[in-house]
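Written below as structure tokens is the structure these notes are about.
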Amino acid sequence: MKRRDFLKHAAVFVSGVSVSLSALELIDPKEVLAANPDLRWGFLVDTYKCVGCGFCVKGCKIENDIPLEANVTRTWVERYVMTKNGEVLMDSPRGAQDGYTSKLIDHGASGKKLASDKEIAQAFFVPKLCNQCSTPACVQVCPVGATYQTADGVVLVDRKWCIGCGYCIMGCPYGVRFFHPVEHVADKCTFCYHRISNGKTTACVQACAFGARQIGNLRDPNDPVAKVVMKQRVGVLRDEYGTKPNVYYIGLNEEVR
Amino acid sequence: MKKHVWRPLWVVVVLVVIILLARWVYVPADFGVQDRGYTFGYHRLGNEKEWQAQTPRYQGNNYCADCHEEQTARLAGGSHLDFPCENCHSAAGEHPTKPEKLAIDRSRALCLRCHVKLFMPSSGRNTIPGIDPERHNGTGDCVDCHNPHKPNLEEM
């Protein structure tokens, strides 16, 4: 065979095989359906409304049995203070479970900082929780199939199956996972799966007296959360990681990480 | 084939059978690839039900309304209007069966979560009447002077 013929045949063969293989891959109706169910939980945070009282954090911990005295939490609130000369100060003492009652900003080892009212350009609170990503990095790294995503988009941990290796805790770009001090397994926000699956709202949404937190169905065009996500300017955290987060923020800016 | 080849081979075969048997016993039938595919949905299906079956603790304000009409009415008619009762009284659970009474927190810390004056432009905090906890009426309980359910100043 001539060299030229060989290359030609090889090219035809390879493209033919790859086309038929990809055709096989495409037609799995179950997977196509699963990718578009009529329920997909999403979350909306309005940072303008948050007052930093921390009742959401306390409510979450009590609802979900995370000891108040342990310095881990499924949701937390961060305070951002931007000064007029461009400095960004940020803290979240104990996840803000007792709120913010001091002007001093806790910078851990480097001590506490005070920005006087005159210096402050803008200051606000940012509640954080699990983003229930559409392509969750934490699920992919689990070696035993203990963490997974449900059809309606919530990432859960099987406490009987988790071996506590901690890969998922390292794998999450948002740092929302932690080691449960009592159960000794990986733990994370479940969007209060026991509540939302039974017609209730999450503990944190219910605890918020200011409407800063909302949960809804992103697939329902009449859902208040879905409407805002579709029609208003909202942002997500750390888009560049490609995990496709489903917690949307109103009033996010680039200093918030 | 020679004996020295067969012997280790048998050991391997037996080991594989034992491992498969153990796996068959240990791994529940509902473990496998579920709705979200192999990458995101490889799990024990029963665990979703376990999470759903957890009992909620927070009941919401409607739950309290029938038995504590007075407080409910006061709250709804004042400037703390739709505050969740359970933020200040902790989760109701099965109250009034278990626990029989809910906690009453008269501490200054409870109110200060929202009422310490912080300068937070571009946040809701700036819209709440703020006080300086060091200066505002010493160390007495806030609720000695203010009604927690209806703190409106004109009613003091």
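Each chain gets a letter, A, B and so on, in the order its sequence line appears, and its residues count up from 1.
- A/Glu63 meets the salt bridge (charged side-chain N to carboxylate O under 4.0 Å, His left out) test with A/Arg195; sequence neighbours excluded.
- Within the 3.5 Å criterion, the main-chain N or O of A/Ser134 finds a donor-acceptor partner in the side chain of B/Arg36.
- Residue B/Ser90 touches chain A through its side chain alone, counting heavy-atom pairs closer than 4.5 Å.
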Starting from the C-alpha separation in whole Å, work towards a yes-or-no answer on side chain to side chain contact (heavy atoms under 4.5 Å, CB included) for B/Thr55 and A/His194. CA-CA 7 Å; B/Thr55 32; A/His194 58 298; over 6 Å; no
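- From A/Thr150, atom OG1 reaches atom NE2 of B/His43 across 7.5 Å, with rounding to the nearest 0.5 Å.
- When the candidates A/Thr135, A/Thr190, A/Thr47, A/Asn198 are compared by the number of heavy-atom contacts under 4.5 Å with chain B, A/Thr135 comes out ahead.
- Using a 4.0 Å cut-off between charged nitrogen and carboxylate oxygen, B/Glu50 and A/Arg159 do not count as a salt-bridge pair.
- With a 4.5 Å cut-off on non-hydrogen atoms, A/Gln97 touches chain B through its backbone but not through its side chain.
- Taking every heavy atom of both residues into account, A/Ala151 and B/Asp35 meet most closely at CB-OD2, 3.2 Å.
- Crowding of A/Lys84 atom NZ: a count of heavy atoms from other residues, nucleotides or ligands under 6.0 Å exceeding 12.
- The 12-atom threshold is not exceeded at CD1 of B/Ile104, counting heavy atoms of other residues, nucleotides or ligands nearer than 6.0 Å.
- Looking only at heavy-atom pairs under 4.5 Å with chain A, the residue among B/Pro56, B/Cys88, B/Pro84 that has the most is B/Pro56.
- Put simply, the side chain of A/Tyr80 does not reach to within 4.5 Å of the side chain of B/Ser123, judged on heavy atoms.
- Per-residue counts of heavy-atom pairs under 4.5 Å with chain A were compared for B/Phe31, B/Trp51, B/Tyr42; the largest is that of B/Trp51.
- For A/Val144, the part sitting under 4.5 Å from any heavy atom of chain B is the backbone (N, CA, C, O) and nothing else.
- Taking A/Ala146, A/Gly59, A/Ala203 one by one and counting their heavy-atom pairs under 4.5 Å with chain B, the maximum is reached by A/Gly59.
- You'll find the side chain of B/Glu48 reaches within 4.5 Å of the side chain of A/Tyr148, heavy atoms only.
- Interface residue B/Ile128: only side-chain heavy atoms are found under 4.5 Å from chain A.
- Both the backbone and the side chain of A/Lys58 have a heavy atom closer than 4.5 Å to some heavy atom of chain B.
- At a threshold of 4.5 Å between non-hydrogen side-chain atoms, the residues A/Tyr100 and B/Val116 do not count as touching.
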Could you walk me through whether B/Leu110 and A/Phe55 pass the side chain to side chain contact (heavy atoms under 4.5 Å, CB included) check? CA-CA 10 Å; B/Leu110 176 72; A/Phe55 279 125; 3.8 Å; yes
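- Between A/Cys60 atom SG and B/Tyr58 atom OH the span is 9.5 Å, to the nearest 0.5 Å.
- Options A/Cys56, A/Cys53, A/Ala209 differ in how many heavy-atom pairs under 4.5 Å they form with chain B, and the most are formed by A/Cys53.
- Side chains of B/Thr127 and A/Phe210 form no contact here, defined as non-hydrogen atoms less than 4.5 Å apart.
- Put simply, the side chain of B/Arg57 gets close to the backbone of A/Ile62: a donor and an acceptor are under 3.5 Å apart.
- Among A/Asp158, A/Asp46, A/Val139, the residue making the largest number of heavy-atom pairs under 4.5 Å with chain B is A/Asp158.
- Of all the listed residues (A/Gly99, A/Ala123, A/Cys192, A/Ala212), the one sharing the greatest number of non-hydrogen pairs under 4.5 Å with chain B is A/Ala123.
- A/Asp152 does not touch chain B: none of its heavy atoms, backbone or side chain, sits under 4.5 Å away.
- Heavy atoms of other residues, nucleotides or ligands lying less than 6.0 angstrom from CD of B/Glu94 number 12 at most.
- When each of B/His115, B/Met120, B/Arg125 is tested with A/Val51 by the rule side chain to side chain contact (heavy atoms under 4.5 Å, CB included), just one qualifies, namely B/Arg125.
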